[in-house]
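Since the model is a prediction, treat every value here as computed from it, not as a measurement.
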Amino acid sequence: MIVWINGTHGAGKTTTSALVQQLIPDSRVFDAEKVGETLMDIRPGLPGPGADNFQHWPPWRPLVVETARRVLDYTGGTLVMPMTVLIEQYWREISTGLARHDIPVRHFVLHADQDTLRGRILGDTVLGPSSFRLAYLEPYAEAARTWLHAEAEVIDTTHLTPAQAAQRIAEAVKG
């Protein structure tokens, strides 16, 4: 099984995923961003759109599916995957690819209001304030309005700690 933790930057995906992994036996965290980083390391760089967001490169989506499938074939258990996917077509490619391999997916979105997200990004003491992360606030809001929240179990983290969000996800997966 895959527990996909979606949401925009500042929602708490990375922190929450590590905590979810501790609550679900036989689980591992797989950050699909590492697949994108591998593509970004190819020299000379890949053609077409993607330099600003590796998700735009067509190989990224099937490589995420194939990597997750291979890891699950090898380890069994559950993969907890923190990854922002805000483009519906990309989510369809990934979720359809996983379904083709009979891999069940529980899709969660960590949500917070725009002011909370902006405050978290600007106050981030690990990564620091980030214009890249801020640039995704409006695309996230648009995705949430148009398709994303209808496709996932939404966990509003505006007033939750990452531990509380992780507990809710783990209980939903186990229940």
Side-chain angles (χ1 to χ4, degrees), residues 2-21 29-41 45-46 48-61 63-65 68 79-96 98 105-170 172-173:
I2 290 175
V3 175
W4 193 289
I5 301 180
N6 204 339
T8 195
H9 306 284
K13 294 180 307 298
T14 301
T15 304
T16 301
S17 293
L19 296 168
V20 167
Q21 185 275 323
V29 175
F30 166 43
D31 188 344
E33 188 164 329
K34 301 301 182 192
V35 174
E37 289 173 4
T38 298
L39 293 175
M40 292 176 74
D41 285 343
L46 296 178
D52 65 327
N53 182 343
F54 54 74
Q55 291 186 19
H56 298 316
W57 282 320
W60 180 76
R61 286 137 2 236
L63 283 171
V64 167
V65 170
L79 286 182
V80 179
M81 296 182 63
M83 187 72 223
T84 300
V85 178
L86 300 180
I87 297 174
E88 184 176 11
Q89 174 192 338
Y90 297 175
W91 176 250
R92 296 270 173 254
E93 288 178 43
I94 291 167
S95 60
T96 300
L98 294 168
V105 177
R106 289 293 295 268
H107 185 197
F108 294 89
V109 171
L110 300 184
H111 173 79
D113 63 62
Q114 294 284 305
D115 289 339
T116 299
L117 291 168
R118 188 171 286 102
R120 288 178 184 170
I121 292 168
L122 293 173
D124 191 322
T125 58
V126 176
L127 298 175
S130 165
S131 58
F132 173 84
R133 295 168 78 201
L134 288 169
Y136 281 89
L137 291 180
E138 185 48 42
Y140 166 73
E142 178 65 17
R145 276 192 301 274
T146 58
W147 71 274
L148 183 58
H149 283 194
E151 290 289 321
E153 298 170 63
V154 178
I155 309 288
D156 189 333
T157 66
T158 303
H159 302 293
L160 294 180
T161 66
Q164 291 168 322
Q167 188 65 43
R168 288 188 184 185
I169 291 169
V173 169

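The CZ atom of Arg92 sits 11.5 Å away from atom CD1 of Ile94, with the distance rounded to the nearest 0.5 Å. Interatomic distance, Leu86 CG to Asn6 CG, rounded to the nearest 0.5 Å: 6.5 Å. Once rounded to the nearest 0.5 Å, the distance linking OG1 of Thr38 with CG of Leu63 reads 9.0 Å. For the atom pair CG of Leu46 and CZ of Phe54, the computed distance is 12.5 Å after rounding to the nearest 0.5 Å. If you take OG1 on Thr8 and CZ on Arg120, they are separated by 11.5 Å, rounding to the nearest 0.5 Å.
His107 approaches Glu151 most closely through the heavy-atom pair ND1-O, 3.3 Å. Heavy atoms only, all atoms of each residue included: Ala166 and Leu19 are closest at CB-CB, 3.5 Å. Nearest heavy-atom pair across Gln55 and Met83 is NE2-CE, 3.1 Å. Minimum heavy-atom separation, Glu153 to Ala172: OE1-CB, 4.0 Å. Minimum heavy-atom separation, Pro82 to Phe30: CD-O, 3.6 Å. Between Ala144 and His149, the shortest heavy-atom contact is CB-NE2, 3.4 Å.
Listed for the Trp60 side chain is a donor-acceptor partner under 3.5 Å among the backbone atoms of Ala32. The closest donor-acceptor contact from the side chain of Thr158 to the backbone of Asp113 lies under 3.5 Å. No donor-acceptor pair under 3.5 Å is formed between the side chain of Trp4 and the backbone N or O of Phe108. When atom types are taken as modelled, the side chain of Lys13 and the backbone of Gly7 share a donor-acceptor pair closer than 3.5 angstrom.
Two residues are said to be in side-chain contact when any heavy atoms from C-beta on lie closer than 4.5 Å; Trp91 and Leu148 fail this criterion. Residues Val109 and Ile155 form no side-chain contact, since every pair of their non-hydrogen atoms from C-beta on lies 4.5 Å or further apart.
Every salt bridge (charged side-chain N to carboxylate O under 4.0 Å, His left out) that Asp124 has, sequence neighbours left out, goes to Arg133. Legend: residues meeting salt bridge (charged side-chain N to carboxylate O under 4.0 Å, His left out) with Glu93, ordered by chain and number and at least two apart, are Arg61. When the salt bridge (charged side-chain N to carboxylate O under 4.0 Å, His left out) test is applied to Arg168, no partner is found at least two apart in sequence or on another chain. Qualifying ring-ring contact (aromatic ring centres under 6.0 Å, His included) partners for Tyr136, counting only residues two or more places apart in sequence or in other chains: His9, Phe132. Taking the side chain to side chain contact (heavy atoms under 4.5 Å, CB included) definition, one finds that Asp52 meets it with His56, sequence neighbours left out. With sequence neighbours left out, the salt bridge (charged side-chain N to carboxylate O under 4.0 Å, His left out) criterion links Asp41 to no other residue.
Partner Leu79 forms a side chain to side chain contact (heavy atoms under 4.5 Å, CB included) with one of Ile2, Val3, Val105 and no other, that one being Ile2. The only option from Thr157, Leu110, Thr16 that meets the side chain to side chain contact (heavy atoms under 4.5 Å, CB included) definition with Pro162 turns out to be Thr16. When each of Val80, Asp31, Ile169 is checked for a side chain to side chain contact (heavy atoms under 4.5 Å, CB included) with Ser17, only Val80 meets the rule.
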### Message
Could you go through Val20 and Val29, starting from their C-alpha distance and side-chain angles, then the distance that decides it, and tell me whether this counts as side chain to side chain contact (heavy atoms under 4.5 Å, CB included)?
### Response
CA-CA 9 Å; Val20 167; Val29 175; over 6 Å; no
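Salt bridge status for Glu88 with Arg145: absent, with no side-chain N to carboxylate O gap under 4.0 Å.
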